[in-house]
Student: 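Can you read through this structure? Questions will come right after.
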Amino acid sequence: MKQAVTVRYFDGQISKAHTAQIHPVFYQGQADGFMVVWRDADNAHQEKRYFAKDCEYLPSVDNSPHAIMLFDGARIEFLSAPPDWIELQHRSLFDNITKMENRWAWIGTGLVILCVFVFGLFRFGIPMAAHHIAQRLPSDALMEAGNHAEEYVLEMTKPSTLPKARQDEIKALYDKLDANPQAKIIVRSGGDIGANALAIPNNTIVITDELIKLSGDNHEILAVLAHEQGHLVHRHSLEQAISSLGIGVLVVIITGDTSDILLALPTVLATTQYSQKAEMEADKYAIDELQRLGISPIHLANFFRKLQKEHGEGHGHWSILSTHPDTNKRIEQAEQHSQ
């Protein structure tokens with residue numbers, strides 16, 4: 001004989017729990033719900049019938065009682081595990097989850113799985129999504145943000161001190177490239193960013209006096225301009241900006257802090273630091289352009305060596321090599337195509 005079970009019963013009318021008993025109700029030899037029996041505030045006998053379909057099982061979490069939510073707003077809390085004769089949806093699944101929650105091995109496994117998932121999302125998921133989006137956005141999708149990024153770079157730099165004739169010569173070098181999209185070339189005095197060149201997604205390339213002086217070779221400068229053009233062609237700045245926003249969205253989900261994420265986009269575009277893969281792609285674009293013009297890609301390798309000699313391996317945040325510790329691989333790629 002299935003036994004009655006003592007429970008706490010909240011009738012949905014008052015907040016105080018009633019001490020009650022639930023009894024199984026049988027139909028054709030099978031348990032078909034239960035009867036709740038209790039005494040109300042006036043000590044009057046009360047009872048109510050519930051069917052299995054009326055129940056929503058709430059398993060125990062962190063030592064909270066097992067409970068059943070009922071269709072009329074009432075609630076039953078068990079003093080221990082629910083009796084076996086009550087048919088509860090997904091009960092076996094919830095019971096297994098509860099057991100796992102109380103075992104450190106399963107908790108540890110869950111944490112490892114979560115960490116792997118988060119790492120995979122940040123390392124692969126968001127960059128892949130950013131690449132997909134960047135390649136399919138209209139060319140002018142982030143033009144306004146790119147214009148603000150250009151203003152940001154101009155504020156950090158100063159007007160070029162090179163003679164106008166030399167600046168025009170640099171711009172004429174760019175015109176040799178088979179450039180699509182066509183970029184605007186701006187020559188600036190680098191200031192804090194030093195010897196550098198930047199590709200901004202509004203189709204602007206900024207090249208500094210310091211870089212031009214460091215190289216002193218027009219073929220090397222052409223190689224640098226071709227490299228930056230490669231970033232524009234492959235939309236690397238846009239891709240990195242979208243990736244950064246994607247991570248920002250995750251931070252918003254976790255913290256609830258929405259502090260001006262989109263307002264930071266111009267800064268992200270202006271300070272983009274590319275992955276090794278993006279740099280190799282831009283280098284390959286420059287190599288192909290140099291070969292098309294009948295110029296040896298060794299000039300690109302020579303320029304990298306000059307930067308290494310000038311800055312060593314302790315590149316600053318703004319250095320053209322700052323995010324690419326394996327510069328030797330880039331030199332090797334250029335040399336291989338020079339043979």
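Quick caveat: nothing in here was measured; it's all calculated off a predicted structure.
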Student: Kindly compute the distance separating CD1 (Ile205) from CG (Leu198), expressed to the nearest 0.5 Å.
Tutor: 10.0 Å
Student: With rounding to the nearest 0.5 angstrom, report the CG to NZ distance, Leu290 to Lys176.
Tutor: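 The distance works out to 10.5 Å.
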Student: Distance from Ile287 atom CD1 to Ile295 atom CD1, nearest 0.5 Å?
Tutor: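 Answer for the CD1-CD1 pair, Ile287 versus Ile295, is 13.5 Å.
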Student: Between Phe71 and Phe51, is there a side-chain heavy-atom distance shorter than 4.5 Å?
Tutor: no
Student: Does Leu70 form a side chain to side chain contact (heavy atoms under 4.5 Å, CB included) with Cys55? I'd like the steps, not just the answer.
Tutor: CA-CA 5 Å; Leu70 301 165; Cys55 305; 3.9 Å; yes
Student: Output all residues satisfying side chain to side chain donor-acceptor pair (under 3.5 Å) with Lys48, sequence neighbours left out; order by chain, then residue number.
Tutor: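 Once residues adjacent in sequence are excluded, the partners of Lys48 under the side chain to side chain donor-acceptor pair (under 3.5 Å) criterion are Asp72.
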Student: If you look only at pairs with a residue in residues 204-217, which of them pass as a salt bridge (Lys or Arg N to Asp or Glu O under 4.0 Å), with sequence neighbours excluded?
Tutor: none
Student: Hey, could you give me the CG/CD1 distance between Leu162 and Ile170, rounded to the nearest 0.5 Å?
Tutor: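 One finds 7.5 Å between CG of Leu162 and CD1 of Ile170.
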Student: Grab the two heavy atoms, one from Ala179 and one from Tyr174, that are nearest each other, plus how far apart they are.
Tutor: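 Answer, listing the atom of Ala179 first, then Tyr174: CB-OH, 3.1 Å.
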Student: For the pair Gln291 (side chain) and His337 (backbone), establish whether a donor and an acceptor sit closer than 3.5 Å, ignoring hydrogens and angles.
Tutor: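 Side chain of Gln291 to backbone of His337, a donor-acceptor pair under 3.5 Å: yes, one is there.
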Student: Taking the side chain as C-beta and beyond, is there a heavy-atom pair between Gln276 and Arg330 under 4.5 Å?
Tutor: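 Yes; the side chains approach each other to less than 4.5 Å.
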Student: State, to 0.1 Å, how close Glu289 and Leu177 come at their nearest heavy-atom pair, and which atoms those are.
Tutor: OE1-CA, 3.5 Å
Student: Is there side-chain contact between Asn218 and Glu169, with at least one heavy-atom pair below 4.5 Å?
Tutor: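 Yes, their side chains come closer than 4.5 Å.
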Student: Under the 3.5 angstrom rule, does the side chain of Arg188 hit a backbone N or O of Lys158 as a donor-acceptor pair?
Tutor: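 Side chain of Arg188 to backbone of Lys158, a donor-acceptor pair under 3.5 Å: yes, one is there.
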Student: For Asp54, give me all partners under salt bridge (Lys or Arg N to Asp or Glu O under 4.0 Å), at least two apart in sequence or on another chain.
Tutor: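 So Asp54 forms no salt bridge (Lys or Arg N to Asp or Glu O under 4.0 Å) with any residue.
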Student: Under 4.5 Å between any side-chain heavy atoms of Thr204 and Asn147, yes or no?
Tutor: no
Student: Could you go through Gln333 and Met280, starting from their C-alpha distance and side-chain angles, then the distance that decides it, and tell me whether this counts as side chain to side chain contact (heavy atoms under 4.5 Å, CB included)?
Tutor: CA-CA 8 Å; Gln333 177 179 238; Met280 296 292 279; 3.9 Å; yes
Student: Name the atoms and distances for all side-chain donor-acceptor pairs under 3.5 Å in residues 296-303, with sequence neighbours left out.
Tutor:
from   : atom 1 : to     : atom 2 : distance (Å)
Ser296 : OG     : Ile298 : N      : 3.1
Asn302 : ND2    : Ile298 : O      : 3.4

Student: Can you tell if the side chain of Phe78 reaches within under 4.5 Å of the side chain of Ile22, non-hydrogen atoms only?
Tutor: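 When only atoms from C-beta onward are counted, Ile22 and Phe78 do touch, with a gap below 4.5 Å.
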Student: Apply side chain to side chain contact (heavy atoms under 4.5 Å, CB included) to Val206 and Ile185, showing your working.
Tutor: CA-CA 6 Å; Val206 178; Ile185 305 300; over 6 Å; no
Student: Report yes or no: does Glu228 contribute a side-chain atom to a donor-acceptor pair with the main-chain N or O of Ala199 at less than 3.5 Å?
Tutor: yes
Student: Please report the C-alpha distance between His227 and Glu279 in whole Å, then the side-chain angles of each, then the deciding distance to 0.1 Å, and finally whether the side-chain hydrogen bond (donor to acceptor under 3.5 Å, both in side chains) criterion is met.
Tutor: CA-CA 8 Å; His227 170 89; Glu279 287 298 337; 2.8 Å; yes
Student: Could you check whether Gln21 and Tyr9, counting side-chain N and O atoms only, form a donor-acceptor pair closer than 3.5 Å?
Tutor: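 Distance-only check fails for Tyr9 and Gln21.
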Student: For the side chain of Glu281 and the backbone of His234, is there at least one donor-acceptor N/O pair under 3.5 Å apart?
Tutor: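 No.
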Student: Are Glu220 and Lys306 within salt-bridge range, i.e. N to O under 4.0 Å?
Tutor: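 Looking at Glu220 and Lys306, the cut-off is met.
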Student: How would you list, by chain and number, every residue that makes a side chain to side chain donor-acceptor pair (under 3.5 Å) with Lys184, sequence neighbours excluded?
Tutor: Glu150
Student: Listed by chain and number, what are the salt bridge (Lys or Arg N to Asp or Glu O under 4.0 Å) partners of Lys164, not counting sequence neighbours?
Tutor: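 Result, salt bridge (Lys or Arg N to Asp or Glu O under 4.0 Å) vs Lys164: Asp168.
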Student: Under the rule for side chain to side chain donor-acceptor pair (under 3.5 Å), what residues qualify as partners of Glu151, not counting sequence neighbours?
Tutor: none
Student: Of the non-hydrogen atoms in Val187 and Gln167, which two are nearest, and what is the gap between them?
Tutor: CB-OE1, 4.0 Å
Student: Under a single-linkage definition using a 4.5 Å side-chain heavy-atom cutoff for Ile, Leu, Val, Met, Phe, Trp and Tyr, are Tyr57 and Phe34 assigned to the same hydrophobic cluster?
Tutor: yes
Student: Other members of the hydrophobic cluster containing Met35, with the 4.5 Å side-chain heavy-atom rule, please.
Tutor: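 Its cluster mates, by chain and number, are Val25, Val37.
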Student: How many angstroms lie between NE2 in His23 and CZ in Arg49, if you round to the nearest 0.5 Å?
Tutor: 13.0 Å
Student: Applying salt bridge (Lys or Arg N to Asp or Glu O under 4.0 Å), can you list everything that pairs with Glu335, at least two apart in sequence or on another chain?
Tutor: Arg305
Student: Any side-chain heavy atom of Leu79 within less than 4.5 Å of one from Thr6?
Tutor: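 Contact flag for Leu79/Thr6 side chains = yes.
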Student: Nearest 0.5 Å, what's the CG-CG distance between Asn203 and Asn180?
Tutor: 9.0 Å
Student: Under the rule for salt bridge (Lys or Arg N to Asp or Glu O under 4.0 Å), what residues qualify as partners of Lys171, not counting sequence neighbours?
Tutor: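 Counting only residues at least two positions away or on another chain, Lys171 forms no salt bridge (Lys or Arg N to Asp or Glu O under 4.0 Å).
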Student: Applying a strict under-4.5 Å side-chain criterion to I, L, V, M, F, W and Y, I'd like to know whether Phe10 and Trp38 cluster together.
Tutor: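 In one cluster: no.
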Student: Filter on salt bridge (Lys or Arg N to Asp or Glu O under 4.0 Å), then keep only pairs touching residues 3-15, sequence neighbours left out; what's left?
Tutor: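 Qualifying pairs, neighbours excluded: Arg8-Glu77.
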Student: Does the side chain of Asn328 come within less than 4.5 Å of Gln308's, by heavy atoms?
Tutor: yes
Student: Is the shortest side-chain heavy-atom distance between Ile212 and Arg166 below 4.5 Å?
Tutor: yes
Student: Who passes side chain to side chain donor-acceptor pair (under 3.5 Å) against Tyr285, sequence neighbours left out?
Tutor: none
Student: Among Thr157, Ile200, Leu154, whose side chain to side chain contact (heavy atoms under 4.5 Å, CB included) with Ile186 holds?
Tutor: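 Of the listed options, the one satisfying the test is Leu154.
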Student: Taking all non-hydrogen atoms of both residues into account, name the closest pair between Gly190 and Thr208 and its distance.
Tutor: CA-CG2, 3.7 Å
